[in-house]
Each structure stands twice: as C-alpha cells, then as structure tokens.
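Presented below is the structure to which this report refers.
Computed over heavy atoms, backbone and side chain alike; hydrogens, waters and symmetry mates excluded. Residue numbers run from 1 in the order of the sequence given. Model, not experiment: these values are computed from the prediction.
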Amino acid sequence: MSAVSDRLPTFPWDKLEPYKTTAAAHPDGIVDLSVGTPVDPVPDLIQKALIDAADSPGYPTVWGTPALRDAITAWVTRRLGARDVTHRHVLPIVGSKELVAWLPTQLGLGPGDKVAYPRLAYPTYEVGARLARAGYEVYDDPRDLDPAGLKLLWLNSPSNPTGKVLAKQELTETVAWARANGVLLFSDECYLELGWEADPVSVLHPDVNGGSYDGIVAVHSLSKRSNLAGYRAAFLAGDPAVLGPLLEIRKHGGMMTSTPTQAAVVAALSDDTHVHEQRERYALRRSLLREALLSHGFRIEHSEASLYLWATRDESCWQTVSHLADLGILVAPGDFYGKAGENFVRVALTATDERVRAAVERLS
C-alpha cells in the first residue's frame, strides 16, 4: 500500500486543522468558508425521485438507465447549446472527483506521458497524474505547452479556486491547438451554472468545437448546482471514441451510480427552477461577503464565476488564514492550489445565510 500512498502529496486539508480549532473557539462559533460543501436542502422534487426509486434491489448499470441518458443529452443540448448529442456521447460518473483522480489511469497513461493543468488548480489533477505514475506540468496558457508526450490536457472554466472564466475565443483556439497536436482535452465545467460577471461557455458549444466532439470531453457535476454533493452525481459528455472505452473499463471496475441516485439526477436535470433559486441564494451571499472582505482591506481577483472569492491582503496565505481564524472564520489557503496562490485565500460562499451574516459582522 505504501508504494501507492507514497506517490501522493500530503492531504492538504489536514494542515488546516489547528486553524479550524481556533475558529471553532469563537464565542459565536465557527463560520466555515473553507471546503465549499453545500449546506442548503436538497430540492424536494429530487428527494422525492430518490425515495420513489428506493426499492431498487438489483445492480445498477454503469452507463445508467435510458431515462438518465435522455436527461443528460437533453440538458447539454438545452443548457450548453450542444448539437446532435446521442447516448453514445454521455457517461454517468460517481461524482467528478473520482473521475479526475482515476482518469489518467483509466486512459492507460504512465511513465513518459504527461498531464497538464492550470497553474492554479484543484489539487486532484496532480493526484490523478501521480496515481498513474505519469508526469505533470502546469500552464498559464495551454498553447505554450510542449505537446511532446502530452496526453491529457485539463481545462477548468470557471476555475476552482479563482473563479476565472475562459473566453469563447480562448476556448476555441485551445481546442484547435489540442486537436492539431493530438492531445486529448478534458474540460472541467462543474461551476458553469454559476457565472456572476461572465457567462461561461462549454467546449461542447459548436462555436467552440466547430460542430465536432473529436478529442474533447466535458465534465459536469450536480454537487453545487443542485446541492447533491452527498449523492455523488456527475457525468461526462463528448467524444464517443473516448467515452466508449471508458465505459468498458468502468464496467469492469464496478463504477456504478446507484439506481436511486440515477433517478434523482433525472429529476434534477429536468428542472431549472431549483437551479435559479439556488443561484439567488449564492448571489446574495457573494454580494455580502465580497463587500465585507473589501471593506476589511482585501483585494479580490477574478471571481467572476464559481462558488468562491479569490482574495488577498498581499501577505502569506497562512497569515491571512490565521487572522481570519482569530475572528472565527475558516478559509482555504491559496497554496493548496499551487505556489502561485501563496498570497491568496479562497473564500467559499457555501454557508447558511445566518453564518454569512455572522462573518460579515465579524469582518466589519
């Protein structure tokens, strides 16, 4: 076991525990703005769909029910502007994190191959490369990468942690570059429903991909847009030549979304009202926290989308974490996401209205 675990970095969130203890000692309790886990209720129609499918004694299928595939294809067509999407273009996954962590292994990557991802990024991109014993590198602009040996290119728009959104032209040029160099492109679009000062575009849009899904796959999650982090519900959409082999591998590995969860996803993707309602909750929390942070002396960069504010006081991120912990507020240090984040903190919008108001009061 150590041969595998030794390939991995120290689990970053363990380093935050002493600051969590400090924040929890605040007389009015902790305001946890660190991990970004949803706190609002699962919408009733989704809970009902889950309950109605609770009597599911048989094994689910990895590819999902026809109803689930119908719901996914309809959603990417309606919401992302994708065209000519069939069941062969979609694949359910057990939450997006397992896909990110195990994709290089499932693609057969290994020593001599490279995985690239943004300089500031979700740590699991690196973990996935390490698990496969592949090389990895970061980029500011993927088109500046050396394509030799590069087998997997990760995009992330809107970004976790910065909230930066890639413009349609930049996406279009990156897709063209990846195709010209034979590089498989996976686009992590899990925060696409949460654009505030920008309207995020998917690589599945024909203006970006020229009407072809060759060499591109988009990753989507229901964790944030539908409060389903506890359900582990996500999916891929894109090139059937990539998804077909992944389906076969995942069948052998038993990577199945439970039947009740599949039913819940059908309900979630078929309803837009709950998504708009949840957006309004986050928009209010974002506005309150943003103004409070600015008034407290922070500068906020990017953050035009997603569930986070990327904030700095131009000091070590750990100094900022400590300062906020003394106020009973826990945030994520920016160096969790790469060395370039060492002077920033990531502030999540995922706290109740009451806890957000408490944070605003403490910051004032």
For the pair R286 (side chain) and A305 (backbone), establish whether a donor and an acceptor sit closer than 3.5 Å, ignoring hydrogens and angles. no
Applying salt bridge (charged side-chain N to carboxylate O under 4.0 Å, His left out), run through E248 and K251 and close with a yes or a no. CA-CA 5 Å; E248 295 306 312; K251 284 179 180 178; 3.3 Å; yes
Assess whether atom NZ of K114 is packed by more than 12 heavy atoms of other residues, nucleotides or ligands within 6.0 Å. yes
Joint hydrophobic cluster, L294 plus W196, side-chain heavy atoms closer than 4.5 Å: yes
4.5 Å side-chain heavy-atom contact, V345 and F298: yes
Value for SG (C317) from CG (D335), rounded to nearest 0.5 Å, stands at 3.5 Å
OG1 of T73 to CG of L269, rounded to nearest 0.5 Å, is 10.0 Å
OG1 of T172 to NZ of K168, rounded to nearest 0.5 Å, is 7.5 Å
side-chain contact (heavy atoms from CB on, under 4.5 Å), that's the test. Do L204 and Y213 meet it? Break it down for me. CA-CA 7 Å; L204 300 181; Y213 302 114; 3.9 Å; yes
Look at the side chain of R362 and the backbone N and O of L327, then say whether any donor-acceptor pair between them is shorter than 3.5 Å. yes
Can you tell me how far apart CD1 (I329) and OG (S34) are? Round to the nearest 0.5 Å. 12.0 Å
Indicate yes or no for a side-chain donor-acceptor contact from E170 to the backbone of L166 under 3.5 Å, with no hydrogens or angles considered. no
Rounded distance [0.5 Å steps], CG in L152 versus CG in L107: 6.0 Å
Shared hydrophobic cluster, W13 / L307 (ILVMFWY, side-chain heavy atoms < 4.5 Å): yes
I want to check something: taking the side chain as every heavy atom from C-beta on, are Y337 and P123 in contact at a cut-off of under 4.5 Å? yes
Measure the shortest side-chain to side-chain distance between S223 and L228 over non-hydrogen atoms and say whether it is less than 4.5 angstrom. no
So, Q278 versus S226: side-chain donor-acceptor pair below 3.5 Å or not? no
Close side-chain approach of T350 and T37, heavy atoms under 4.5 Å: no
Could you check if a side-chain atom of L192 sits within less than 4.5 angstrom of a side-chain atom of R79, using non-hydrogen atoms only? yes
Would D44 and K48 count as a salt bridge (charged side-chain N to carboxylate O under 4.0 Å, His left out) if you check the C-alpha gap in whole Å, the side-chain angles of each, and the deciding distance to 0.1 Å? CA-CA 6 Å; D44 288 341; K48 182 178 186 303; over 6 Å; no
Checking W318 against Y19 for the ring pair (Phe, Tyr, Trp, His ring centres under 6.0 Å) test, could you report, in this order, the C-alpha distance in whole Å, the side-chain angles of both residues, the deciding distance, and whether it holds? CA-CA 9 Å; W318 288 101; Y19 302 94; 5.3 Å; yes
When rounded to the nearest 0.5 angstrom, what is the spacing between OH in Y231 and OG in S258? 9.5 Å
D70 and H87: CA distance, side-chain angles, deciding distance, side-chain hydrogen bond (donor to acceptor under 3.5 Å, both in side chains) verdict: CA-CA 7 Å; D70 282 344; H87 286 194; 2.7 Å; yes
Below 4.5 Å, heavy atoms only, C-beta onward: do L155 and P142 meet side chain to side chain? yes
Counting only heavy atoms not in R88 (residues, nucleotides, ligands), do more than 12 fall under 6.0 Å from its CZ? no
Salt bridge flag under 4.0 Å for residues R285 and D353: yes
What are the two closest non-hydrogen atoms of W310 and G341, and how far apart are they? CZ2-CA, 3.9 Å
So does G195 get a backbone contact from the side chain of R279, meaning a donor-acceptor N/O pair under 3.5 Å? yes
Between W154 and the options Y122, F186, Y117, Y139, the ring pair (Phe, Tyr, Trp, His ring centres under 6.0 Å) test singles out F186
Are side-chain N/O atoms of H89 and T86 paired as donor and acceptor at under 3.5 Å? yes
Step-by-step side-chain hydrogen bond (donor to acceptor under 3.5 Å, both in side chains) determination, E315 to T320: CA-CA 7 Å; E315 63 186 9; T320 305; 2.7 Å; yes
Side-chain donor or acceptor of S287 paired with backbone N/O of A283 under 3.5 Å: no
Within a 6.0 Å radius of atom CZ on R83, are there more than 12 heavy atoms belonging to other residues, nucleotides or ligands? no
Let's go through E126 and R130 carefully: what are the C-alpha distance in whole Å and the side-chain angles of both, what is the deciding distance for salt bridge (charged side-chain N to carboxylate O under 4.0 Å, His left out) to 0.1 Å, and is it a yes or a no? CA-CA 6 Å; E126 177 186 334; R130 286 177 177 244; 2.7 Å; yes
Using the side-chain contact (heavy atoms from CB on, under 4.5 Å) definition, which of the options V175, T174, V115 pairs with L153? T174
Closest heavy-atom pair, I300 versus A311, reported as atoms and distance to 0.1 Å, is CG1-CB, 4.2 Å
When you compare the side chain of I216 with that of D239, does any pair of heavy atoms fall below 4.5 Å? no
N343-R313 side chain donor-acceptor pair, cut-off 3.5 Å: no
Does D188 form a side-chain hydrogen bond (donor to acceptor under 3.5 Å, both in side chains) with Y125? I'd like the steps, not just the answer. CA-CA 10 Å; D188 182 344; Y125 302 131; 2.7 Å; yes
Do I72 and W63 belong together in a cluster built from hydrophobic side chains that touch within less than 4.5 Å? no
Short question: side chain of H296, backbone of L363 - any donor-acceptor pair under 3.5 Å? yes
Residues, nucleotides or ligands: over 12 heavy atoms within 6.0 Å of D28 CG: yes
Taking it one step at a time, do D271 and H274 satisfy side-chain hydrogen bond (donor to acceptor under 3.5 Å, both in side chains)? CA-CA 7 Å; D271 176 74; H274 78 276; 2.8 Å; yes
Against W102, only a single residue in V127, L131, I249 fulfils side-chain contact (heavy atoms from CB on, under 4.5 Å); can you say which? L131
Check the surroundings of atom CG in D14: do more than 12 heavy atoms from other residues, nucleotides or ligands lie under 6.0 Å from it? yes
Can you list the steps and then say if R133 with D113 is a salt bridge (charged side-chain N to carboxylate O under 4.0 Å, His left out)? CA-CA 9 Å; R133 288 187 265 196; D113 299 322; over 6 Å; no
Min side-chain heavy-atom separation S159-N156 under 4.5 Å: yes
Under the side-chain contact (heavy atoms from CB on, under 4.5 Å) test against V242, which residue among L247, L91, V217, L236 passes? V217
With a sphere of 6.0 Å drawn around CG of D141, does it hold more than 12 non-hydrogen atoms of other residues, nucleotides or ligands? yes
Look at the side chain of S202 and the backbone N and O of L80, then say whether any donor-acceptor pair between them is shorter than 3.5 Å. no
The salt bridge (charged side-chain N to carboxylate O under 4.0 Å, His left out) partner of R225 among E193, E189, E277 is E193
